[in-house]
Amino acid sequence: MSFNVYNSLSKTKEPFRPLEDGVVRMYNCGPTVYNRQHIGNFRSFLFADTLRRWLEYSGYEVRQVMNITDVGHLLDDQDEGEDKIEAQAKRTQKSPKEIADEYAQMFLEDIAQFGVLEPLARPRATEYIPEMVEMVEGLIAKGNAYQVGGDVYFDVASFPPYGRLSGNRVEDLVAGARIDVNEDKRHPADFALWKSDPRHLMKWETVFGPDGFPGWHIECSAMARKLLGDRIDVHTGGEDNVFPHHECEIAQTECFTGAPFATYWMHAKFLQVDGGKMSKSLGNVYTIDDVKEKGYDPRQLRYALIRGHYRTPLNFTWESMKGAAAELDNLDDLLALLQRAAEGADGDPGAGAELVQEAQAGFEAAMNDDLNVSQALAALLPLRRQALENAFGSEAAKDALAFLERAMAVFGIAREQDAGSDAEIDALVAARTQARADKDWAESDRIRDELAALGIEVKDTAGGATWRRK
RNA sequence: GGCGGCAUAGCCAAGUGGCUAAGGCGUCGGAUUGCAAAUCCGAGAUUCCCCGGUUCGAGUCCGGGUGCCGCCUCCA
């Protein structure tokens with residue numbers, strides 16, 4: 001069965017076919033590091049990580065690049081040359097580099113907490129200025145860009161497909177009147193490739209002038225090309241990246257290389273909180289720390305952020321967070337049950353084997369359908385029922401366990417499980433069982449509390465007491 | 001003003017025209033338990049935001065509303 005992905009460019013699901021057999025070149029739009037990333041940002045990054053993991057599960061070698069934007073973009077065309085990083089720098093009396101480094105570091109730490117896999121590269125925009133300049137010069141030479149003083153603009157009229165990704169027509173953009181009139185531009189929809197401003201804090205001396213800085217979109221085009229080549233398979237980002245960012249990337253890259261840029265464009269919908277957009281005034285722009293303060297770990301948060309389909313708005317509420325944690329706990333419990341069954345189930349070793357096949361087929365079919373995580377997760381549940389009924393044979397349980405671990409790895413929620421292998425805990429559980437046999441309830445409850453303090457949950461089942469790590 | 005997306009039980013969420021609308025979480029009954037937890041049994045949408053339409057048949061398609069979200073300015 002093949003992987004079908006919804007391509008923002010064609011607005012349809014298409015069979016996934018990489019340019020090179022077995023290899024996927026993927027570029028993910030990463031963060032602009034001028035503040036702490038919130039859980040909404042992470043929904044998008046987690047989507048990219050899930051996609052990468054699914055491709056690897058499917059046998060592809062994934063060459064993944066996620067940028068870190070450490071040079072600010074302009075707030076608008078008419079401002080004083082200030083950008084978000086510079087604004088934050090001025091506010092805090094630090095240099096733009098200090099701001100970028102500080103928040104990039106935080107981003108890396110957060111992403112590590114989520115267990116996000118390291119991509120091939122995490123390029124920073126400021127390290128690819130020469131590559132950007134090369135593209136800008138090339139675009140001028142090809143007649144797709146023009147220089148006005150120290151500024152360089154992309155000539156939108158020179159690229160007829162402009163607007164194909166976003167559905168925007170150039171006429172509408174002009175009529176929208178939200179584009180500032182800029183006398184220097186030939187056309188109001190033209191966008192900056194390079195800007196010059198002596199007041200800008202981060203600036204570079206180039207052929208365009210002594211103190212310029214890159215335009216809004218050129219960094220991703222330049223870094224993707226440098227690290228992955230002229231053409232790539234997948235380009236991802238949040239839904240807000242569609243226009244102008246990705247539209248402009250397509251224009252720049254395709255004019256420069258003369259070839260199609262990314263085959264598949266995939267965009268994650270925004271995370272909503274309490275049914276609406278996050279806002280500082282409502283106090284619901286949560287960071288990973290805010291969620292941890294409520295008693296949830298990053299793994300549980302990760303689960304909460306990926307369990308919905310990436311192209312459907314996901315609503316985050318504390319109630320949904322609680323529900324997600326409970327669901328994940330059931331998956332962990334299933335892991336423990338399977339482990340026990342694999343170690344020593346009676347009866348036919350193959351009992352339940354067909355269920356494992358079905359679960360795996362269902363899981364793969366769902367993931368292959370444009371990463372339908374909700375459905376893939378649902379496909380795992382019949383295993384839990386079977387395990388709870390103690391109906392798995394040892395061999396089937398081993399297969400189920402191996403599959404479940406792979407499936408959970410795709411979601412980035414795999415976990416070390418070592419139930420039933422700790423002598424000290426076994427002894428405590430045995431002591432509790434004895435106390436209960438003696439009807440010494442005070443002692444049995446004390447031991448139960450002691451185990452709970454160790455993070456161990458005891459379960460009294462028909463077959464005796466068992467335990468697992470929470 | 002222009003472009004696009006979403007709207008399914010208390011909550012999250014699948015459903016890509018046709019059996020009784022997945023699944024999970026939570027809740028409420030019951031069983032079990034020393035009390036719990038876990039587990040088991042049972043209960044939940046005469047119905048898929050609203051109004052029309054197409055069709056033998058629509059949550060699924062079309063038109064019109066309403067609400068929310070994104071973009072048209074950097075933004076996941």
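Proteins get letters first, then strands, A, B, ... in listed order; numbering begins at 1 in each. Just so we're clear, the structure is a prediction, and the values are computed from it rather than from any experiment.
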Taking only N/O atoms, report every protein-nucleotides 24-28 of chain B pair under 3.5 Å with atom names and distance.
residue	atom	partner	partner atom	Å
B:rG24	O2'	A:Glu327	OE2	3.1
B:rC25	OP1	A:Asn330	ND2	2.3

Taking only nitrogen or oxygen atoms into account, show me every contact under 3.5 Å that the protein makes with nucleotides 68-70 of chain B, one pair per line with its distance.
residue	atom	partner	partner atom	Å
B:rC68	O2'	A:Gln272	OE1	3.3
B:rC68	O2'	A:Gly275	O	3.2
B:rC69	OP1	A:Lys277	N	3.4
B:rC69	O4'	A:Gln272	NE2	3.4
B:rG70	OP2	A:Lys277	NZ	3.2

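The two residues A:Leu201 and A:Glu86 make their nearest non-hydrogen contact at N-OE2, 2.7 Å.
Contacts between residues 436-448 of chain A and RNA chain B, defined by a heavy-atom separation under 4.0 Å, are made by A:Arg436, A:Trp441, A:Ser444, A:Asp445, A:Arg448. Residues of residues 117-126 of chain A that place a heavy atom closer than 4.0 Å to RNA chain B do not occur.
Here salt bridge (Lys or Arg N to Asp or Glu O under 4.0 Å) pairs that include residues 294-312 of chain A, with residues two or more places apart or in two chains, are A:Asp49-A:Arg302, A:Arg299-A:Asp332, A:Arg307-A:Glu327, A:Arg311-A:Asp370. Judged as a salt bridge (Lys or Arg N to Asp or Glu O under 4.0 Å), the pairs with a partner in residues 379-389 of chain A (not counting sequence neighbours) are, in order, A:Asp333-A:Arg384.
At a threshold of 4.0 Å, the pair A:Asp290-A:Arg36 does not count as salt-bridged, since none of the basic side-chain nitrogens sits closer than that to a carboxylate oxygen. A:Lys97 has a carboxylate O that lies under 4.0 Å from a charged side-chain N of A:Asp101, or vice versa, which qualifies the two as a salt bridge.
When the ring pair (Phe, Tyr, Trp, His ring centres under 6.0 Å) test is applied to A:Phe191, the partners found at least two apart in sequence or on another chain are A:Phe154, A:His217. Residues that satisfy the salt bridge (charged side-chain N to carboxylate O under 4.0 Å, His left out) test with A:Arg52, not counting sequence neighbours, are A:Glu56. For A:His246, the ring pair (Phe, Tyr, Trp, His ring centres under 6.0 Å) criterion is met by A:His235, A:Trp265, A:His267, not counting sequence neighbours. Remark: A:Trp318 pairs with A:Tyr286, A:Phe316 by the ring pair (Phe, Tyr, Trp, His ring centres under 6.0 Å) rule, at least two apart or across chains. Legend: residues meeting salt bridge (charged side-chain N to carboxylate O under 4.0 Å, His left out) with A:Arg446, ordered by chain and number and at least two apart, are A:Glu443, A:Glu450. Taking A:Thr126 as the reference, A:Asp70, A:Val71, A:Arg124, A:Met202, A:Trp204 meet the side-chain contact (heavy atoms from CB on, under 4.5 Å) condition, with sequence neighbours excluded.
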